A.B. asks: 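One structure, pasted below without further comment.
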Amino acid sequence: MLEIRQLNKAYGSHRALTDLDLVVPEGGIFGLLGPNGAGKTTLIRIINQIIEQDSGEVILDGQHLTSEAIRKIGYLPEERGLYKKMAVWDQLIYFSRIKGLTALEAKQRVTYWLEKFEISSWKNKKIEDLSKGMAQKIQFIATVIHSPRVLILDEPFSGFDPVNAALLKNEILDLKKAGTTILLSTHRMESVELLCDQVAMIHKSKKILDGSIREIKSRFRPLEIQASLNKLSQELPAIWKIEVSEEGRVDLLLPLNGQSPNQLLHELMTYGEVIAFKERFPSMEEIFIQQVNASAHA
Amino acid sequence: MHKVYLVIQREYLARVKKKSFLVATLLTPLIFPAIMAVFVWLAAVEEKGNQSLRVIELVDETGLFFMESSEQYAFSSSVKNLEEAKALVNKGERYGALYLPKMELSAPKGIQFYGLENPSTSLIGYLEVALKRKIEDQRLYSKGIDPKVLKQIRTEVKVQSLTLGESGEEKITDANVNYALGFLTGILIYVFIFIYGNQIMQGVIEEKSTRIVEILVSSLRPFQLMMGKIVGIGAVGLTQFLIWVLLVSTLSTLVMGVLGMQMPQQQAMEMANPEIMAATPDSGELGAILQVIGGIDFVSLVVAFVFYFLGGYLLYGALFAAVGAAVDAPSDAQQFMFPITIPLLIGYMGLFVFVLQDPSSSTSFWLSIIPLTSPIAMMGRISYGVPFWELALSLGLLVLGFLGTTWLAAKIYRIGILMHGTKPSYKTIWKWVKSSN
C-alpha cells in the first residue's frame, strides 16, 4: 500500500532520516514509534508532500507521490488548530474543497459527518466559541472529510480528554474496518500496543525495529515468569522478586536464568501451590530501550 | 489553480464579512471631514478669543507715523516717552508698546516692540507690513507724490495658474488643491500598505502557530498559499477603496448640487460654462476652487492610485508574509519589521519634505522612481502632472520590484512556516533564501 524506500533527509548537518525503509500494509493500523526528535514528523511531512526528501522514494498504490495523491491522504498534525474566527460549516467546506472535493460533494460530506457526531447545531458557531473537546471533533472531521484511503495521525491522543479519546479510538477502528490504512505516530508507546497491528521503531533518524506486535514480542524472548503461590511453606530463594504478598498469597517475578519454564515450574511447586504461571512479555517501551542500548553498544 | 482561488475566496470573505470591516469602511471617509471640522471649529474659537481689541501704545519720536487701528489692534499715543509706555504695559493697561526712534527713512533701524508675552508672528508680521507701507508712503510723499493718488493706484492682483495640455487645452490649477490631493492619496497608500500588510502577517502567523498550514501545505504549494493570502487581502483593500470612491463621489455630487442651488444666478451660469469662467478669473473664491477641482482628471488619479496601491501592496505584502512565516508570534515580528518600516517611512517623510514642496526636484524624481518609495512619492506628484515616460519607468520598476520581493519572500515563507521553536536570526533567514529546495 504505502512503501518507503531508502529515504534520506538532512537539515544542514542534522540527519533527520537515514536510509529508511518501511512497508505499511493495506487496511491495518501501523504504529510509528520513537522518542521526540527521532524523525517521525519529518517522515510524515515527506509522505504528506509538505517537504521534499533528499533521496529515496515514497510509493503509494504502486506509484510515486504526485499532487493527485493528496486526495488519498488525510493528515492530523500533532499540534492542531483551526481558523478561530471561522464558522464550523465554512471551515469544513473549505478544507474539503482544498482536498479536492467539488462544492456539492463537500456539502454532502460535511452534512453527513455533522449528523454522525450529532453536532449539526454547531454549524454556524465560530471555533473560538467551542470548547476544546468540541474543536477536536471538528478537527477530526476535517481530517477524514474526503474519505482518505490513508490516514496519518501524528500523536492523535495527545490533548484529548478520555471521553473524546475513546470516541476517536472507536472512529479509528471503524475506519480500519472500512479498509482505511492508518499510520499512527506516537512517542507514548504504551498507548498503541492494543491498537496497532504493526509497528516500526525509529531512533535517531534510523529504523531500529519493525514487524507485527505479536512477532516483535515473541522475538524478544520472555526473560521472566510471573507467578503466584499459595501456602508458603519455606523461605524463597533470594533472586525471586516478591511483588505483592498478602494473606498467604505471593505474586512473584522469576528470572529464567537459563532454565526452561518447566524446570522453573517444578522448582516453584516445591514451595507451595502454584495458582498462576505466565511468561511476562516485555512492553514495547522496554523493547525499545533495550534496542536503543543495543544499538548504542554496537 | 482553482485551489489558489479557494484560498483567495476564503481570505476575502473571512474579512469582508466581519462587522469591523463594514464599520471601518463606512466611518473612515467621515474621519477626514470630521478632522477638518474640528480644525475649523478650533480656528473659530481662537478667533473669538482674539476678538478683544488689543491696544498698543505707540511711542513715535519721528512724529511721522499715524497707525490705523484694525479689527484686532488699536493704537494709542497717550504718553510721551518709552519709559511711561513700558509702565503702562507693565500695569496691564496696554497689550504692548511700539517704539519708533528717530531714524533715516531710507534705512529704518531701531524699531522695537515691548510686551509682557512673546508676541505672535502674525502681530509682528502685521506691524512690519504696516510700517513698511507707511515708510514707503512717506518717502513717495517726500518725492512729491500725493497719497490720494497713491491710494487710487494701489490694485489687488491674483495670479491664476494654468497648465497647458499637449493638445493645447488649458486647465486652471491650484497648488493648494494639488498639494491636498497628493497629501491625501500618498498617506492613503502608506496607511493601506501598513494596515493590509499587517493583516497578511497576522494571517500567516495564525496559520503557522495553529499548524493549519501543515494541512494546507499538504494540499497545495506554499507559494500558492502565500499568493492566495496576499491577493485575497489585497482584494479586500480594493473593495474598501472602491466603496470609498463611490461614497465620496456620491456625497460630493450631492454637496455640489446643494451648493449650486444656493449660488447666485450668474455664478451658477459661469460654473456651467467653463469658457466664461476662464475668461473671467474674478468669479469668486468658491467658484474658483470648484473650477480647479473640476479641472482635475479624477479618473486617471483613481487609476494611478489603484496601480500604485496594488504595486506597493504586492511589493510590501510579500515581505510582510515572509516576516510572518519567520516568527511564531506577533511579538517576535518586531525585529524583522525594520527592513519594511524604514523604506516606507522614507517614502512617507520624502512625500512631505521633498515631493509636495517641489514635485519636479531631482530628489522627488528618484523617490518616485525607486520601487520601495515610489507608491507613496508618485502619488504626491501625480496631481501636478508627471511626464509619461517617468510614470512608465516608475510602474515598470515597481512591477520588477514586487516580482523580486515575492521571489525572496516565497523562499523564506516555504521554510519558515514549518519552523517552530527557536527564533531565527537574519543569518538563518539568509540561509533559507540561499537553500535551493
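First the proteins, then the strands, lettered A, B, ... as listed; each starts at 1. Keep in mind that this is a model prediction, so the values were computed, not measured.
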A.B. asks: Please state whether the side chain, the backbone, both or neither of B:Glu206 comes within less than 4.5 Å of a heavy atom of chain A.
C.D. replies: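 When you check distances to chain A, only side chain atoms of B:Glu206 fall under 4.5 Å.
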
A.B. asks: Using a 3.5 Å distance criterion without hydrogens, assess whether the side chain of A:Asp19 forms a donor-acceptor pair with backbone atoms of A:Gln6.
C.D. replies: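 Flag not set: sc A:Asp19 to bb A:Gln6 has no pair under 3.5 Å.
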
A.B. asks: Checking heavy atoms, do the side chain of B:Val7, its backbone, both or neither come under 4.5 Å from chain A?
C.D. replies: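 Both backbone and side chain of B:Val7 come within 4.5 Å of chain A.
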
A.B. asks: Checking A:Tyr83 against chain B: side chain, backbone, both or neither under 4.5 Å from a heavy atom?
C.D. replies: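 Answer is both: backbone and side chain atoms of A:Tyr83 are under 4.5 Å from chain B.
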
A.B. asks: Kindly indicate, with the supporting measurements, whether the criterion salt bridge (Lys or Arg N to Asp or Glu O under 4.0 Å) is fulfilled by A:Glu78 and A:Lys40.
C.D. replies: CA-CA 11 Å; A:Glu78 176 177 359; A:Lys40 299 188 303 284; over 6 Å; no

A.B. asks: Does any backbone or side-chain atom of B:Lys17 lie under 4.5 Å from a heavy atom of chain A? Answer side chain, backbone, both or neither.
C.D. replies: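 Side chain only.
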
A.B. asks: With a 4.5 angstrom heavy-atom cut-off, could you sort out which part of A:Arg45 is near chain B: side chain, backbone, both or neither?
C.D. replies: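 Interface part for A:Arg45: side chain.
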
A.B. asks: Stepwise, does the side-chain contact (heavy atoms from CB on, under 4.5 Å) test hold for A:Ile127 with A:Met86?
C.D. replies: CA-CA 6 Å; A:Ile127 296 297; A:Met86 220 174 165; 5.6 Å; no

A.B. asks: Is it the case that atom CD in A:Glu57 sees more than 12 heavy atoms from other parts of the structure closer than 6.0 Å?
C.D. replies: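 For A:Glu57, atom CD is crowded (more than 12 foreign heavy atoms under 6.0 Å).
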
A.B. asks: Less than 6.0 Å separating the ring centroids of B:Tyr426 and B:Trp430?
C.D. replies: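 That pair fails the under 6.0 Å test.
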
A.B. asks: Of the listed residues (B:Leu13, B:Leu216, B:Ile212), which shares the most heavy-atom pairs with chain A below a 4.5 Å separation?
C.D. replies: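 Among the listed options, the one with the most contacts to chain A is B:Ile212.
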
A.B. asks: Between B:Trp244 and B:Phe192, is the gap from one ring center to the other below 6.0 Å?
C.D. replies: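 Ring centres of B:Phe192 and B:Trp244 closer than 6.0 Å.
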
A.B. asks: Taking side chain as everything from C-beta outward and backbone as N, CA, C, O, which of these in B:Glu207 sits under 4.5 Å from a heavy atom of chain A? Side chain, backbone, both or neither.
C.D. replies: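 Contact with chain A is through the side chain of B:Glu207 alone.
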
A.B. asks: Identify which part of A:Tyr75 has an atom lying under 4.5 Å from any heavy atom of chain B, answering side chain, backbone, both or neither.
C.D. replies: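 It is both, since atoms from each part get that close.
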
